[in-house]
Protein chains: 2
Amino acid sequence: MHKKIMYILALRNQSIAMGNSKLYKGSLNTIILKLLEGTDKMYGYEITQKVKELTKGELTITEGALYPALHKLEAEGLLDVEMAKVDNRVRKYYKLTESGEKETVNRLSELEEYIRNMETLLNPKWSIE
Amino acid sequence: MHKKIMYILALRNQSIAMGNSKLYKGSLNTIILKLLEGTDKMYGYEITQKVKELTKGELTITEGALYPALHKLEAEGLLDVEMAKVDNRVRKYYKLTESGEKETVNRLSELEEYIRNMETLLNPKWSIE
DNA sequence: AAATAATACCTAAGAATTTTATGCATAAGA
DNA sequence: TCTTATGCATAAAATTCTTAGGTATTATTT
């Protein structure tokens, strides 16, 4: 029973953290796909750490968003899973399927187009008109 | 009764349109605020047209998203409304309040930070590591 | 030794924001 | 006269997150 109490009392450090910028909804899947495109295979926790590292702690992927997203990408056939046991702990490695690689290209160009459009809207070149 | 039937039968041209890139959730408010920052006052329909024009038809703001967003921004005290009648049709002109102008600055820098973070994640500088 | 932090997975309820699908009304154009 | 454009609006459904848990092992402090 001690353990149970400890779990409950244990302060969750989930988002006590730093000034993280918000994640605009819809971009998480693309982030996941892009990371996997560059690194062959990764597991969930690794993804959260990689994003934190690359953005210097500015962007945090919550696990509550990540794991359902991974499951969905797998269900859609874009990712394959492979279990591994490291130090008695289970890891689930994800990698792109063939169709996942194709889809990654699409999602990336979609996101890049969106960013271009946002920059068009935010850059006030047109306001001198 | 003829009219009623006509309304029902009338094909809505809402999104029959072109290859529009998706709107990532969370960015609409910032778009609205930014447009109003540059142009003093605008009405809803005008905003949809301006976004379409600036992005060359690539980004479409749906009315179902826009009007509730405008109402919410008004309720939050970021926008003021002013009615006008043009050609027997009503227009609702929105403009930034003082607090709206301040908030616009915050939202813009948030979005810019997000874009910087996304570019960091999408640019594969780190993959040669 | 005991407490805490880090690593590693998971889910469910709720919030926020959008799409889709309507409804209504006038003016302009084909 | 039919259709498109202009102009407002709302409601149901879908999507995608955040928040808040739960479980378990290993590493690090105290």
Side-chain angles (χ1 to χ4, degrees), chain A residues 2-17 20-32 42-50 52 59-74 76 81 83-94 114, chain B residues 2-17 20-32 42-50 52 59-74 76 81 83-94 114:
Chain A
H2 282 306
K3 286 195 173 185
K4 185 93 177 183
I5 292 167
M6 280 167 58
Y7 295 139
I8 294 168
L9 294 181
L11 273 154
R12 283 319 190 85
N13 59 330
Q14 291 222 145
S15 51
I16 295 176
N20 47 1
S21 84
K22 70 196 272 194
L23 218 202
Y24 286 78
K25 294 185 185 180
S27 47
L28 177 57
N29 284 320
T30 309
I31 292 174
I32 294 171
M42 296 180 88
Y43 55 100
Y45 187 75
E46 191 184 2
I47 292 176
T48 66
Q49 300 308 302
K50 193 71 183 174
K52 207 182 279 182
L59 199 60
T60 301
I61 304 300
T62 64
E63 299 186 339
L66 178 69
Y67 290 114
L70 287 172
H71 300 160
K72 201 187 167 205
L73 288 170
E74 187 196 349
E76 289 168 351
V81 199
M83 307 286 279
K85 210 171 192 174
V86 180
D87 287 329
N88 227 29
R89 271 206 225 89
V90 177
R91 281 182 190 167
K92 287 178 75 177
Y93 280 98
Y94 290 90
Y114 164 76
Chain B
H2 282 308
K3 283 195 175 184
K4 185 94 178 183
I5 292 168
M6 279 167 60
Y7 295 139
I8 293 169
L9 293 182
L11 274 153
R12 283 316 189 89
N13 59 328
Q14 290 220 146
S15 51
I16 295 177
N20 47 359
S21 84
K22 70 196 272 194
L23 218 202
Y24 287 79
K25 294 185 185 180
S27 48
L28 177 57
N29 284 319
T30 308
I31 293 174
I32 293 171
M42 296 180 86
Y43 55 100
Y45 187 77
E46 189 183 4
I47 292 176
T48 67
Q49 299 308 301
K50 192 72 182 174
K52 207 181 281 182
L59 198 61
T60 301
I61 304 302
T62 63
E63 299 185 336
L66 178 68
Y67 290 115
L70 287 171
H71 300 160
K72 201 188 167 205
L73 289 171
E74 186 196 348
E76 289 168 350
V81 200
M83 308 287 279
K85 210 170 191 174
V86 180
D87 286 329
N88 227 29
R89 272 206 225 90
V90 176
R91 282 181 189 169
K92 286 178 75 176
Y93 280 98
Y94 290 90
Y114 164 76

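The analysis underlying the following values was restricted to heavy atoms, covering all of them including side chains, and did not include hydrogens, waters or symmetry mates. Please read all numbers here as calculations on a predicted model, not as lab measurements. Numbers restart at 1 for each chain; the letters A, B, ... are given by sequence-line order, proteins then strands.
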Atom pair distance, as rounded to whole Å: [atom1] in [X] and [atom2] in [N]:
| X | N | atom1 | atom2 | result |
| --- | --- | --- | --- | --- |
| B/Tyr94 | D/dA9 | OH | C1' | 10 Å |
| B/Leu59 | C/dT18 | CG | C1' | 13 Å |
| A/Gln49 | C/dA5 | CD | C1' | 12 Å |
| B/Tyr114 | D/dC17 | OH | C1' | 12 Å |
| A/Glu76 | D/dT15 | CD | P | 10 Å |
| B/Leu23 | C/dT20 | CG | C1' | 15 Å |
| A/Tyr45 | C/dA5 | OH | P | 13 Å |
| A/Leu70 | C/dT11 | CG | C1' | 14 Å |

Q: Please identify each residue that fulfils salt bridge (charged side-chain N to carboxylate O under 4.0 Å, His left out) with B/Glu76, with sequence neighbours left out.
A: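 In terms of salt bridge (charged side-chain N to carboxylate O under 4.0 Å, His left out), with neighbours along the sequence ignored, B/Glu76 is linked to B/Lys72.
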
Q. Below 4.5 Å, heavy atoms only, C-beta onward: do B/Ile31 and B/Leu23 meet side chain to side chain?
A.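 Yes, close enough: below the 4.5 Å cut-off.
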
Q. Side-chain contact, heavy-atom cut-off 4.5 Å: A/Tyr94 with A/His71?
A.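 Heavy-atom side-chain distance check passes, below 4.5 Å.
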
Can you tell me how far [atom2] of [Y] sits from [atom1] of [X], rounded to the nearest 0.5 angstrom?
| X | Y | atom1 | atom2 | result |
| --- | --- | --- | --- | --- |
| B/Leu66 | B/Asn29 | CG | CG | 10.0 Å |
| B/Leu70 | B/Glu63 | CG | CD | 11.0 Å |
| B/Leu28 | B/Ile47 | CG | CD1 | 8.5 Å |
| A/Ile61 | A/Lys50 | CD1 | NZ | 14.0 Å |

Q. Mind checking what makes ring-ring contact (aromatic ring centres under 6.0 Å, His included) contact with B/Tyr43, not counting sequence neighbours?
A.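 B/Tyr43 satisfies ring-ring contact (aromatic ring centres under 6.0 Å, His included) with B/Tyr93 only.
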
Give me, pair by pair, the N or O atoms of the protein and of nucleotides 10-13 of chain D that are less than 3.5 Å apart, along with how far apart they are.
| from | atom 1 | to | atom 2 | distance (Å) |
| --- | --- | --- | --- | --- |
| D/dT10 | OP2 | B/His71 | ND1 | 3.3 |

Q) Who are the side chain to side chain donor-acceptor pair (under 3.5 Å) partners of A/Tyr114, not counting sequence neighbours? A)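 If we apply the side chain to side chain donor-acceptor pair (under 3.5 Å) test to A/Tyr114, skipping adjacent residues, the hits are B/Ser27.
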
Q) For B/Tyr24, what residues pass the side chain to side chain donor-acceptor pair (under 3.5 Å) criterion, not counting sequence neighbours? A)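 B/Tyr24 satisfies side chain to side chain donor-acceptor pair (under 3.5 Å) with no other residue.
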
**Q.** Axis deviation across the helix from C/dA1-D/dT30 to C/dA30-D/dT1, five-pair ends, to the nearest 10°
**A.**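 Nearest ten degrees gives 20° for this helix.
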
Q | Considering all heavy atoms, the nearest A/Ser21-A/Leu59 contact | A |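 Taking every non-hydrogen atom into account, O-CD1, 3.4 Å.
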
Q. Near DNA chain D, under 4.0 Å by heavy atom, which residues of residues 84-91 of chain B?
A.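 Going residue by residue through residues 84-91 of chain B, the ones with a heavy atom under 4.0 Å of DNA chain D turn out to be B/Arg89, B/Val90, B/Arg91.
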
Just the atom pairs and distances: protein N or O near nucleotides 15-17 of chain C's N or O, under 3.5 Å.
| from | atom 1 | to | atom 2 | distance (Å) |
| --- | --- | --- | --- | --- |
| C/dA16 | N3 | A/Lys25 | NZ | 3.1 |
| C/dT17 | OP2 | B/Lys72 | NZ | 2.8 |
| C/dT17 | O3' | B/Gly26 | N | 3.4 |

Q | Inter- and intrachain pairs under salt bridge (Lys or Arg N to Asp or Glu O under 4.0 Å), touching residues 21-30 of chain A, at least two apart | A |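 Listed by first then second residue: nothing to list.
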
Q | Non-neighbouring partners of B/Val90 that pass side chain to side chain contact (heavy atoms under 4.5 Å, CB included), sequence neighbours left out | A |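 B/Met83.
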
